[in-house]
Colleague: 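Can you keep this structure in mind? I'll have questions shortly.
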There are 2 protein chains.
Amino acid sequence: MIEISNAELAVMKVLWHEAPLPAADIVTRLQQTQDWQAKTIKTLLNRLVQKGALSFEQQGRAYLYQPTIAESDYQLHAGQSFVQRLFAGKVTPLVATFAAAEQLSKDDIAELKALVAQLEQEQNDV
Amino acid sequence: MIEISNAELAVMKVLWHEAPLPAADIVTRLQQTQDWQAKTIKTLLNRLVQKGALSFEQQGRAYLYQPTIAESDYQLHAGQSFVQRLFAGKVTPLVATFAAAEQLSKDDIAELKALVAQLEQEQNDV
DNA sequence: CAGTTTAGATTACATGTGTAATCTTTTTGA
DNA sequence: TCAAAAAGATTACACATGTAATCTAAACTG
């Protein structure tokens, strides 16, 4: 799977939110949150195209960029490799680590509970 | 917090499992699983000392290495920054992503359920 | 039409990382 | 005792990444 660096990820997020977009618009949006020169963003676009994470089509003189991979696919891939790296591939210990450090709010716990309930439900349905 | 690269992490794992250890033993253990030259491992040890992730004390001519940070601290830190990066800081969506991709076994779900139950219990106790 | 702006392409450069090899010093075995 | 082994220190080198600047060609502007 394609590796996306931290800086590149910011670019991907813009395009996952809305695509296709010309470079100029991507620059505008990123500059709301990142202190980057337009040139820097062009470099990142280039690298993402080279990596195959973005494709583009010519639109007049400029390009319209769009992701080749869905955000959810990337999230899954990155999540799996992260959990593999540090938690022996199991997500529950990660959650337990957050809990032990009191990083889970009442709401978080409620959401998790609901999710688990739903998963059990699906199990029964099958 | 200290950043630990992938290769360095393998070294840390050995020492989280057992410490302190002399370089020679670390090499032996790592070579069970990694196809690395002893020199490579020495480099990693050096870098980890420079980063402050390991300390050592002289033992005759050799060094005895040991972690300066606990595995659980590193797991929490890395987990938080990962979840921040891709899941807006919330762990539940990560779990949901795993679930949606059918990456959770029946056992995983049972474990999660037990964890959630325990967290609710703790809430009540407080 | 010529100068300026602008799009993308190419080049740059420091730092981190993977993966060692060489150097220096000390110890040890023949 | 003298060469070989071994420990750590230093150096190496390619590729990735952060962060741009420069180059080139097209388009727009006065």
Side-chain angles (χ1 to χ4, degrees), chain A residues 1-15 19-66 74 77-78 81-82 85-86, chain B residues 1-15 19-66 74 77-78 81-82 85-86:
Chain A
M1 167 79 77
I2 299 167
E3 295 303 317
I4 294 174
S5 79
N6 246 302
E8 289 162 359
L9 187 63
V11 177
M12 293 303 290
K13 281 180 178 173
V14 167
L15 287 160
L21 285 179
D25 289 18
I26 299 171
V27 166
T28 303
R29 285 168 217 223
L30 279 171
Q31 286 181 340
Q32 316 275 124
T33 54
Q34 316 283 140
D35 192 19
W36 284 340
Q37 296 299 118
K39 299 296 189 179
T40 299
I41 297 168
K42 300 295 184 72
T43 297
L44 296 172
L45 285 170
N46 252 304
R47 289 183 183 166
L48 285 166
V49 168
Q50 303 226 306
K51 288 182 178 188
L54 294 181
S55 66
F56 63 84
E57 62 180 286
Q58 199 124 14
Q59 151 98 127
R61 181 150 85 107
Y63 291 171
L64 282 181
Y65 293 89
Q66 71 185 54
Y74 181 72
H77 160 69
S81 75
F82 175 76
R85 222 172 88 87
L86 277 188
Chain B
M1 167 80 77
I2 299 168
E3 295 302 317
I4 295 174
S5 79
N6 245 301
E8 289 162 359
L9 188 63
V11 176
M12 293 303 291
K13 281 180 177 172
V14 167
L15 287 161
L21 286 179
D25 288 17
I26 299 172
V27 166
T28 303
R29 283 165 218 224
L30 279 171
Q31 285 180 341
Q32 316 275 126
T33 55
Q34 314 284 140
D35 192 19
W36 284 339
Q37 296 299 119
K39 299 296 188 179
T40 298
I41 297 168
K42 300 293 184 75
T43 297
L44 295 173
L45 285 169
N46 252 305
R47 289 183 183 167
L48 285 165
V49 168
Q50 303 227 305
K51 288 182 179 188
L54 294 181
S55 65
F56 62 85
E57 63 181 284
Q58 199 124 14
Q59 151 99 126
R61 180 149 83 108
Y63 292 171
L64 282 182
Y65 293 90
Q66 70 184 56
Y74 181 73
H77 160 70
S81 76
F82 176 76
R85 221 172 89 86
L86 277 188

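Quantities reported herein were computed from a predicted structural model and do not represent experimental measurements. Throughout, a chain's letter reflects where its sequence line sits, starting with A, and its residues are numbered from 1.
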Colleague: Rounded to the nearest Å, what distance is computed from the CG atom of residue A:L48 to the C1' atom of nucleotide D:dA16?
Modeller: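 To the nearest whole Å, that distance equals 13 Å.
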Colleague: Apply the test side chain to side chain contact (heavy atoms under 4.5 Å, CB included) to residues B:I4 and B:K51: give CA-CA distance (whole Å), side-chain angles for both, the deciding distance (0.1 Å), then the verdict.
Modeller: CA-CA 9 Å; B:I4 295 174; B:K51 288 182 179 188; 5.6 Å; no
Colleague: Within less than 4.0 Å of OP1 or OP2 of C:dA21, is there a side-chain N or O belonging to B:K39?
Modeller: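 For C:dA21, neither OP1 nor OP2 has a side-chain N or O of B:K39 closer than 4.0 Å.
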Colleague: Under 4.0 Å between a side-chain N/O of A:S5 and OP1 or OP2 of D:dG18, yes or no?
Modeller: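 A:S5 to D:dG18 OP1/OP2: side-chain N or O found under 4.0 Å.
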Colleague: Among D:dG18, D:dA20, C:dT19, find the nucleotide with the atom closest to the side chain of A:T43.
Modeller: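 The answer is D:dA20, which lies nearest to the side chain.
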Colleague: What's the closest nucleotide to the B:A7 side chain, out of C:dA7, C:dG18, D:dG18?
Modeller: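 Nucleotide nearest to B:A7's side chain: C:dG18.
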Colleague: How far does CD of A:E57 sit from CD of A:Q66, to the nearest 0.5 angstrom?
Modeller: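 Rounded to the nearest 0.5 Å, the CD-CD separation comes to 6.5 Å.
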Colleague: I need the CD-C1' distance between B:Q50 and D:dT11, as an integer number of Å.
Modeller: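 After rounding, the reported distance stands at 13 Å.
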Colleague: Rounded to whole angstrom units, what separation is found between the CZ atom of A:R47 and the C1' atom of D:dG18?
Modeller: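 It works out to 7 Å between those atoms.
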Colleague: Report the nucleotide, chosen from D:dA7, C:dG8, C:dT19, that has the shortest atom-to-atom distance to any side-chain atom of B:A24.
Modeller: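 Shortest atom-to-atom distance from the side chain points to D:dA7.
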Colleague: Looking at side-chain heavy atoms only, is the closest gap between B:Y65 and B:V11 below 4.5 Å?
Modeller: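 B:Y65 vs B:V11: side chains apart.
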Colleague: Any donor-acceptor pair, under 3.5 Å, between the side chain of A:R61 and the base of C:dT5, if you only look at N and O atoms?
Modeller: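 No, no donor-acceptor pair under 3.5 Å.
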Colleague: Taking the side chain of A:Y63 as its heavy atoms from C-beta onward, which of C:dA9, C:dA20, D:dA7 lies nearest to it?
Modeller: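 When the side chain of A:Y63 is considered, C:dA9 is the closest of C:dA9, C:dA20, D:dA7.
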Colleague: Can you tell me if the side-chain N/O atoms of A:N46 get under 4.0 Å from OP1 or OP2 in C:dA9?
Modeller: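 Looking at the OP1 and OP2 atoms of C:dA9, one of them is under 4.0 Å from a side-chain N or O of A:N46.
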Colleague: Closest-nucleotide mapping onto DNA chain D: is A:Q37 or B:Y65 further toward the 5' terminus? I mean the 5' end.
Modeller: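 Between the two, 5'-proximity favours B:Y65.
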Colleague: Could you check how far CH2 of B:W36 sits from P of C:dA20, rounded to whole Å?
Modeller: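 After rounding, the gap between these two atoms is 10 Å.
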Colleague: Go through D:dA7, D:dT19, C:dA20 for me and flag the one nearest to the B:T40 side chain.
Modeller: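 It is C:dA20.
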Colleague: Can you measure A:L44 atom CG to D:dA20 atom P for me and round it to whole angstrom units?
Modeller: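 From A:L44 CG to D:dA20 P: 10 Å.
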Colleague: May I have the distance from A:L45 (atom CG) to C:dG8 (atom P), rounded to whole angstrom?
Modeller: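 It is 8 Å, rounded to the nearest whole Å.
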Colleague: Grab the CD-P distance between A:Q59 and D:dA26 for me, whole Å please.
Modeller: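 The distance from CD of A:Q59 to P of D:dA26 comes to 19 Å, rounded to the nearest Å.
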Colleague: To the nearest Å, how far apart are B:N6 CG and D:dC15 P?
Modeller: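 Atom CG in B:N6 sits about 19 Å away from atom P in D:dC15.
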Colleague: Please give me the minimum heavy-atom distance between B:L15 and B:A19, naming the atom from each residue.
Modeller: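 Heavy atoms of B:L15 and B:A19 come nearest at O-CB, 3.3 Å.
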Colleague: Could you grab the distance from atom CG of B:D25 to atom CG of B:L30, nearest 0.5 Å is fine?
Modeller: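 Between atom CG of B:D25 and atom CG of B:L30 there are 11.0 Å.
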Colleague: Among C:dA20, D:dA20, C:dT17, which nucleotide has an atom closest to any side-chain atom of B:E8?
Modeller: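 Nucleotide nearest to B:E8's side chain: C:dT17.
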